[in-house]
Structures are given as structure tokens and as C-alpha cells.
Q: 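Here it is: the structure, laid out below.
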Amino acid sequence: MSQSSSTSSSAVAEHPSVVRVRAALAAAGVNADAVVVLDDHARTAAAAAEQLGVTVAQIANSLVFAVPDEAATGGRRPLLVLTSGAHRVDTAKVAALLGVERLDRADADFVRGTTGFAIGGVAPVGHPGPIDTLVDVDLARHEQVWAAAGHARSVFPTTFDELLRITGGRAAEVA
């Protein structure tokens, strides 16, 4: 596993989004010191897996969707899907699971506004408010998985059960 000790790594570790994730992890009883700063940006599951020396299936991608909801601000509410990096989310299947007509792809402004994070660094925790979360059951196949920690160069090790606990999410088949 690659962990840089350069000044830029210190800047990533001290980034407000990473600090917010560490605080949320600590509040949930998770070792916040386990956050790893990668040498390079990991904007894809494959890039993160390569740097960590794990399979792409062990990367918990954080995908935000906009769920049409007339009662929500702007007519839509966020849905966070933590999915294995080994496959794509079947939006029709997830929409049916939620009992809604469709899921819309969230744009960068919606993602940042609802999660507090930029695309590429969306963490499962540390959001400004509660977000409905689904956790891909395929992640349970792995003893350890890795999730984003608030920046495209930061991740933390976790487990399927821990993701369910710290997000208040529910297990779902999403692929």
C-alpha cells in the first residue's frame, strides 16, 4: 500500500473535508487514524485499488443519485449508494426497491450541496445532514473494504457491517 509523506499529503490529511470525515468516524467509534492518504488522486475504483494493492471489488464507491420527491427541497432528495467497485448500479432495480419511478444522476452541485463533498471524495459519513444510504451486499464478500474519506486522495479501511452501522444504511442488491 502506498502512503506518501510529502507536504502535499499533509495538506490532504488536513483538508477540511478529511478532518470532517475523521471526526465523524471517531464519533461513530471507528479508528479515525486509519485514514490513508494515497500518493495520487483515485477518482476511480480501479485507481484506488491499484494504489492500495486490493481488488477493485474491495472499493466501496460512493455514488449519489437524485430521487424525485415533491416534498424535498428542489423536488429531489439525495440517495447515497455504496457499491462495490466491481460493478455498476442498476438504477431501475434500485428505483423499484425504493418504490420510485426513477433515479436521476446527480450533478456536481447537487452532490456537494447534499453531502458536503466534491465528486471523487464523497465519504459515507460526515454529511451536513442525514442521507438515505444503501450498502451493496456484494461488499459483504470481503473481510475489508475501502471507502473515500473526503478527498480524492484519502480512503479508510472498513467492513460491510461497519458501513451499515456508521451510515445507518440498509443492505441492498444494487447491481
Side-chain angles (χ1 to χ4, degrees), residues 15-30 32 35 41-45 48 56-140 142 145-156 158-175:
H15 189 280
S17 292
V18 177
V19 170
R20 191 168 74 242
V21 170
R22 286 179 195 257
L25 290 172
V30 177
V35 171
H41 285 81
R43 296 197 189 277
T44 66
V56 71
Q58 290 175 266
I59 303 300
N61 275 346
S62 298
L63 303 176
V64 179
F65 295 94
V67 179
D69 183 346
E70 291 179 16
T73 305
R76 53 195 191 148
R77 62 182 166 84
L79 172 70
L80 176 62
V81 179
L82 301 173
T83 185
S84 168
H87 57 250
R88 299 177 71 91
V89 171
D90 180 336
T91 57
K93 182 178 195 174
V94 172
L97 175 71
L98 298 176
V100 298
E101 184 179 313
R102 69 181 194 279
L103 297 182
D104 296 331
R105 191 164 282 265
D107 63 25
D109 290 338
F110 185 80
V111 171
R112 187 181 287 278
T114 57
T115 69
F117 301 111
I119 292 174
V122 175
V125 295
H127 311 130
I131 296 180
D132 288 338
T133 302
L134 298 178
V135 182
D136 186 353
V137 295
D138 282 356
L139 293 171
H142 307 283
V145 296
W146 292 82
H151 188 282
R153 284 186 53 205
S154 64
V155 294
F156 69 96
T158 186
T159 65
F160 172 77
D161 289 336
E162 188 170 77
L163 282 173
L164 287 172
R165 182 179 65 79
I166 66 177
T167 65
R170 58 186 169 133
E173 289 187 20
V174 300

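Quantities reported herein were computed from a predicted structural model and do not represent experimental measurements.
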Q: G150 and V18: which non-hydrogen atoms are nearest, and at how many Å?
A: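 Between these two residues, the closest heavy atoms are C-CG2, 4.3 Å.
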Q: Looking only at heavy atoms, which two atoms of V35 and S154 are closest? And how far apart?
A: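 Shortest heavy-atom separation between V35 and S154 comes out as CG1-CB, 4.2 Å.
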Q: If you look at every heavy atom in I59 and A45, which pair is closest and at what distance?
A: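 So the minimum-distance heavy-atom pair works out to CG1-O, 3.6 Å.
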Q: What is the minimum heavy-atom distance between V67 and L79, and which atoms define it?
A: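 Closest approach of V67 to L79: CG2-CB, 3.7 Å.
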Q: Below 4.5 Å, heavy atoms only, C-beta onward: do V145 and F160 meet side chain to side chain?
A: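 Side-chain contact under 4.5 Å: no.
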Q: Answer yes or no: is there an ion pair linking R77 with D132, defined by an N-O contact shorter than 4.0 Å?
A: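 D132 and R77: salt-bridged.
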Q: Verify, without hydrogens or angle tests, whether D136 (side chain) and D138 (backbone) share a donor-acceptor contact under 3.5 angstrom.
A: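 Flag set: sc D136 to bb D138 pair under 3.5 Å.
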Q: Could you measure the distance from the OG1 atom of T44 to the CG atom of N61? Nearest 0.5 Å is fine.
A: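 It is 8.5 Å, given to the nearest 0.5 Å.
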Q: Whether the side chain of R165 engages the backbone of A28 through a donor-acceptor N/O pair (distance < 3.5 Å, no angle test) should be reported.
A: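 Indeed, once roles are kept as given, a pair shorter than 3.5 Å links the two residues.
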Q: Taking the side chain as C-beta and beyond, is there a heavy-atom pair between H41 and H151 under 4.5 Å?
A: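 Yes - at least one pair of side-chain heavy atoms lies under 4.5 Å apart.
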Q: Kindly compute the distance separating OG1 (T83) from CG (L139), expressed to the nearest 0.5 Å.
A: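 The OG1 atom of T83 sits 6.5 Å away from the CG atom of L139.
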Q: Tell me the closest heavy-atom pair linking G113 and P128, and the distance in Å.
A: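 Answer, listing the atom of G113 first, then P128: O-CG, 4.4 Å.
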Q: May I have all residue pairs that pass salt bridge (Lys or Arg N to Asp or Glu O under 4.0 Å) and include part of residues 113-130, sequence neighbours excluded?
A: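 For residues 113-130, and leaving out neighbouring residues, there are no salt bridge (Lys or Arg N to Asp or Glu O under 4.0 Å) pairs at all.
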Q: To the nearest 0.5 Å, tell me how far I166 CD1 sits from F156 CZ.
A: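 Nearest 0.5 Å value for the CD1-CZ distance: 4.5 Å.
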Q: Mark yes or no for whether R76, through its side chain, and F110, through its backbone, hold a donor-acceptor pair below 3.5 Å.
A: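 No, the answer is negative, given that no donor and acceptor are paired below the 3.5 Å cut-off.
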Q: Are the side chains of V89 and V94 in touch, meaning some heavy atoms are under 4.5 Å apart?
A: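 The answer is yes, as the side chains (C-beta and beyond) meet within the 4.5 Å cut-off.
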Q: Below 4.5 Å, heavy atoms only, C-beta onward: do L134 and L97 meet side chain to side chain?
A: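 Result yes, sub-4.5 Å side-chain heavy-atom pair found.
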Q: Which one of L63, T114, I131 satisfies the side-chain contact (heavy atoms from CB on, under 4.5 Å) criterion with L80?
A: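 Single side-chain contact (heavy atoms from CB on, under 4.5 Å) partner of L80 among L63, T114, I131: I131.
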Q: List the atom of K93, the atom of A175, and the distance in Å for their closest heavy-atom pair.
A: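 Looking at all heavy atoms of both residues, the closest pair is NZ-O, 3.0 Å.
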Q: Please check if the side chain of S17 supplies one atom and the backbone of F117 the other of a donor-acceptor pair under 3.5 Å.
A: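 Not confirmed, S17 side chain does not pair with F117 backbone.
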Q: Between the main-chain N or O of V122 and the side-chain N or O of S62, is there a donor-acceptor pair closer than 3.5 Å?
A: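 Side chain of S62 to backbone of V122, a donor-acceptor pair under 3.5 Å: yes, one is there.
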